[in-house]
Trainee: 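Sharing a structure below in structure tokens format, with a few things to ask.
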Amino acid sequence: MYKLSATLNGHSQDVRAVASPSPTLLLSASRDSTAIVWTRPDDKSSWTISETYKASYMVTGSQDSLINVYVIGSGTDEPAYRLIGHSDNVCSLNISAEGLIISGSWDRTARVWKDFKNLYELRGHELSVLAAIALTETEFLTASADKTIRLWDHHKQVRTFTGHTDAVRGLTLIPEIGFASCSNDGDVRVWTVEGDSIFVLSGHTSFVYSIAALPNGDIVSSGEDRTVRVWRDGESSQVIVHPAISVWTVSYTPNGDIVSGASDKAIRVFSATEERWASEGDLKAFDDLVASQAIPTQSAGSVDKSKLPGEEALNTPGKKEGENKLVRSASGAVDVYTWTGGSWLKVGEMTDAVGTTEKKTYMGKEWDYVFEVDVQEGAPKLQLPYNANENPYVAAQRFLGQNDLPMSYLDQVVKFIEQQVGGVNIGSSNEYVDPFTGASRYQPGSSAAGSSAAPSAASGYSDPFTGAGRYQPAASPYSASPTPPGAFSDPFTGASRYAPPGTTVTPPPPAQKTKTLPVRWTLPFRQCNVPAMRTKLLQLNDAIKSEVTISVISLSKPELGVLERIFNFLQKVSGSVGPSKPPSELTWTDVDTVLQILARWPEGQRFPLIDLVRLLLFFAPLPAGAPPNASSLILEALLEASNWNNLPKVSEEQPMSKSWETNVLLVLRAFANCLQVWTDGTTYGANDWISSLITSLNALPYEYLSKTQRLAYATLLLNISCVGLAKSPDSLKNTQYQGYVLKAVQQEASDSETAYRALVALGNIVGGSQNRDSSLLSVVEAVPTRFPEDRMRTLAAEIKLFLTG
């Protein structure tokens, strides 16, 4: 019987990984981007944070695609080694008894490292590699979001294990048998290395995130159902409920204690040895905390309180470990109990969530809730669908992704959901999205809390790629209406928002309808987080410098000085608003230095440099001393950096790698910033940019572009039309350009924002070139059918008037 031994609090966000290589050492890693070393003098003493423990190495992987190796007790927080090879988030690490490091990544590969150098790349999975372990010095197992497990001999795949019906999240060795796996399908499976599935352990009611084999042969697993479960002889022997939504990770100490990390920021140690149990007071406090969790009624389906048994039902023993029971308390509340360790444990109280229990339909699917979120005055409200049995982080990330809102709003959306439904969820979800905040990592072109270009209260909704809100071209994208007195300026407002009791929210007056076309303002990608960009670039430079084979291409001292000057300039000007002509503090030498670095850095490390060029094109488009062919030099550098000439080879069988996809996206945003219309009527990027850009775009395979790439592409087409109206009308008649716009309007079937921007470009073409081609009528009329939005219908109607007038 395991009971709480200790609770360790030190992280500020979800704890995502724990490990305990000795009874007196515990390591933890968190979404807050920190790893903590915990120590104690013996296994009966309390854990404390330590920086002096003398050991060998701690290995961490992160969202920046790097693996860092630290010497514990070295007195420095700088890694002794950086392992470079992955091109996306490193989400799994395992160390073999022989000292091999095996890593798994969202880039669909696993890598084996020996002596801190890449030994093998294991390539074959179709989706992210979520777990990887070493069987021997030459045999390895990998598990993936493609639902398969694969066995490798050296770098060759020799066997595929199938059986899970969803992403496989964890692996652990089972001595004398083989290994065990856990999955989003809610099952734990035990396998032989030969491929036989021996046991299927069912009991979790949602995703199973982590798994470990205890020294006594038991298996322990953790998941989204708030539990750690102990399995013995193919059966659940104990369920340990946590006061948290997600128990992300589970491990053990060499003395057999269980260690867990969860979404409530806490690390907990549970022991089966009574002398290591927490005090009676701490045990009661833990049970009370678990019992105090609110659980929405919807997670248990339809509940008729009048037919529920009273507390006398707790006198009847449960039939199996983990069985749940609803009981009507003396006060009339509905309490939730779980049978664990031979007794009923209260794990929460059912609460009626705010709103109706009737199902809502959204996008052809039924939901428990569909909240209306008013993100911008005068703009259509966004729909936030949510099921009572899903993780709020899952719903929040889905909402932000579908509406192109910054991930820095994730916590705000989660709080909004929790305020509406009034409880913590237990249950499963049919859709997995690994929730992460991303707040502390560098995301090119996005904003983070504290960035110098955070969205203003006046603008409400902030598009993560433009910083100007969902595109509404009735006025300049830089204009902002004043916030109504007393209005709430949080981007998540509207009819369903939370308001303290006794207060009222006055809705803003309806926006007056205005004519949309012609649109004359270009729409730039101007948003940035300068400190994060600087940190990321210097971090990548340190990694390059530490790799002997490529250290020669690291930044020189003069180059570091140039970059520092550029970052200081951007920090100063990036908070400005309005399409005004920027100052000319920087020189061509500064810009050319960035282009030279970009030309020599590896593909996987180029993204912050490309993003830096994007910002320079917007904030410093006219550097002093620029040669006559400056635009050609920048264009050629960006095309080369993004491997542009190979884009025609992209297909379903040969998709872009993650780093290539990112680089192309950032180049498209940079191209969009090459074209600007300023308030004094002057333009930047007319004849010297447009013709070259139109020629280059012929290489883009639209049907294979990602959603964000298509949005950037449509924005570029829109900006070409704006500059064409202002300075270069012949470009509007360019048949190649018109073909690009028509293709985007006709082929875009999933993202309304991309379709809208392409349709605005078509409207500018039709109006600016006086094109009366009646064959365009069917093209224009089809768009509101695919995207039945008021703005689409209004814009299409205006274009039809041009065509028929």
Side-chain angles (χ1 to χ4, degrees), residues 1-8 15 17-29 36-48 50 53 55 58 94-97 131 133-134 170-182 188 190 199 201 203-204 208-223 227-242 247-262 266-280 282-283 286-287 290 321-322 340-343 345:
M1 177 71 177
Y2 287 90
K3 291 190 178 183
L4 182 70
S5 174
T7 300
L8 284 59
V15 178
V18 291
S20 181
S22 80
T24 59
L25 174 65
L26 194 155
L27 310 173
S28 62
I36 295 179
V37 178
W38 306 83
T39 62
R40 59 182 178 180
D42 55 64
D43 64 6
K44 299 180 183 64
S45 302
S46 300
W47 294 96
T48 59
S50 172
Y53 186 89
M58 176 172 63
N94 178 258
I95 314 297
S96 74
I133 60 174
L171 296 169
T172 189
L173 296 180
I174 306 294
E176 301 180 4
I177 296 179
F179 66 95
S181 60
C182 63
V188 172
V190 180
F199 297 121
L201 309 179
H204 282 285
V208 188
Y209 291 135
S210 182
I211 188 171
L214 300 177
N216 65 357
D218 290 350
I219 296 172
V220 62
S221 58
S222 68
T227 71
V228 165
R229 295 177 184 252
V230 183
W231 307 88
R232 180 173 298 162
D233 299 327
E235 299 290 338
S236 175
S237 65
Q238 187 177 350
V239 177
I240 306 172
V241 182
H242 283 54
V247 187
W248 291 114
T249 180
V250 67
S251 186
Y252 61 90
T253 64
N255 61 15
D257 288 353
I258 295 171
V259 185
S260 66
I267 302 153
R268 292 183 175 87
V269 181
F270 300 88
S271 181
T273 303
E274 185 173 355
E275 64 180 7
R276 292 200 295 272
W277 290 352
S279 66
E280 287 297 327
D282 287 345
L283 290 174
F286 175 72
D287 289 343
V290 171
E321 185 74 16
T340 180
S343 63
L345 173 69

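Quantities reported herein were computed from a predicted structural model and do not represent experimental measurements.
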Trainee: Check the pair Phe270, His242 against ring-ring contact (aromatic ring centres under 6.0 Å, His included), reporting the backbone distance first and the verdict last.
Mentor: CA-CA 11 Å; Phe270 300 88; His242 283 54; 5.3 Å; yes
Trainee: Got a second to check how far Asp287's CG is from Asp282's CG, nearest 0.5 Å?
Mentor: 11.0 Å
Trainee: Minimum heavy-atom separation for Pro215 to Tyr252, with atom names?
Mentor: CD-CD1, 3.7 Å
Trainee: Of the non-hydrogen atoms in His204 and Ser221, which two are nearest, and what is the gap between them?
Mentor: NE2-OG, 2.8 Å
Trainee: Is there a side-chain contact between Asn255 and Arg276, using heavy atoms and a 4.5 Å cut-off?
Mentor: yes
Trainee: Just wondering, are more than 12 heavy atoms of other shown residues or ligands nearer than 6.0 Å to CG in Asp42?
Mentor: yes
Trainee: By side-chain hydrogen bond (donor to acceptor under 3.5 Å, both in side chains), which residues pair with Thr172, not counting sequence neighbours?
Mentor: none
Trainee: On a heavy-atom basis, which atom in Ala180 and which in Ile174 lie closest, and how many Å separate them?
Mentor: N-CG1, 3.7 Å
Trainee: For the atom pair NZ (Lys3) and CD (Glu280), what is the distance rounded to the nearest 0.5 Å?
Mentor: 6.5 Å
Trainee: Answer yes or no: is there a side-chain heavy-atom contact under 4.5 Å between Thr39 and Thr48?
Mentor: yes
Trainee: Show the nearest heavy-atom pair for residues Phe286 and Val241, with the distance to one decimal.
Mentor: CZ-O, 3.6 Å
Trainee: Can a donor-acceptor pair be found, under 3.5 Å and without considering hydrogens, that links the side chain of Arg40 to the backbone of Pro23?
Mentor: yes
Trainee: Identify the residue among Thr273, Val220, Ile258, Val228 that makes a side chain to side chain contact (heavy atoms under 4.5 Å, CB included) with Tyr2.
Mentor: Ile258
Trainee: Under 3.5 Å, side chain of Ser50 to main-chain N/O of Val37, donor-acceptor pair present?
Mentor: no
Trainee: What are the two closest heavy atoms between Ala134 and Ser96, and how far apart are they?
Mentor: CB-CB, 3.7 Å
Trainee: If we ignore hydrogens and angles and just use 3.5 Å, is the side chain of Thr249 paired with the main-chain N or O of Gly261 as donor and acceptor?
Mentor: no
Trainee: Between Ser271 and Trp277, does a side chain to side chain contact (heavy atoms under 4.5 Å, CB included) hold up when you go through it step by step?
Mentor: CA-CA 6 Å; Ser271 181; Trp277 290 352; 4.2 Å; yes
Trainee: Is a donor on one side and an acceptor on the other found under 3.5 Å between the side chain of Ser222 and the backbone of Val247?
Mentor: yes
Trainee: Which residues satisfy the side-chain hydrogen bond (donor to acceptor under 3.5 Å, both in side chains) test with Asn94, sequence neighbours excluded?
Mentor: none
Trainee: Would you compute the distance between atom OG of Ser237 and atom CD1 of Ile219 and round it to the nearest 0.5 angstrom?
Mentor: 10.5 Å
Trainee: Under the side chain to side chain contact (heavy atoms under 4.5 Å, CB included) rule, what do Glu321 and Val230 come out as? Steps first, then yes or no, please.
Mentor: CA-CA 10 Å; Glu321 185 74 16; Val230 183; over 6 Å; no
Trainee: Looking at side-chain heavy atoms only, is the closest gap between Ile267 and Ile36 below 4.5 Å?
Mentor: no
Trainee: List the steps and the verdict of side chain to side chain contact (heavy atoms under 4.5 Å, CB included) for Asp257 and Asp43.
Mentor: CA-CA 10 Å; Asp257 288 353; Asp43 64 6; over 6 Å; no
Trainee: Which atoms form the tightest heavy-atom contact between Gly170 and Ile211, and what is the distance?
Mentor: C-CG2, 3.7 Å
Trainee: What's the spacing between Trp47 CH2 and Ser28 OG if we round to 0.5 Å?
Mentor: 10.5 Å
Trainee: Have a look at Val269 and tell me which of Leu4, Leu26, Thr7 forms a side chain to side chain contact (heavy atoms under 4.5 Å, CB included) with it.
Mentor: Leu26
Trainee: Quick check: do Ser20 and Pro254 have side-chain heavy atoms less than 4.5 Å from each other?
Mentor: yes
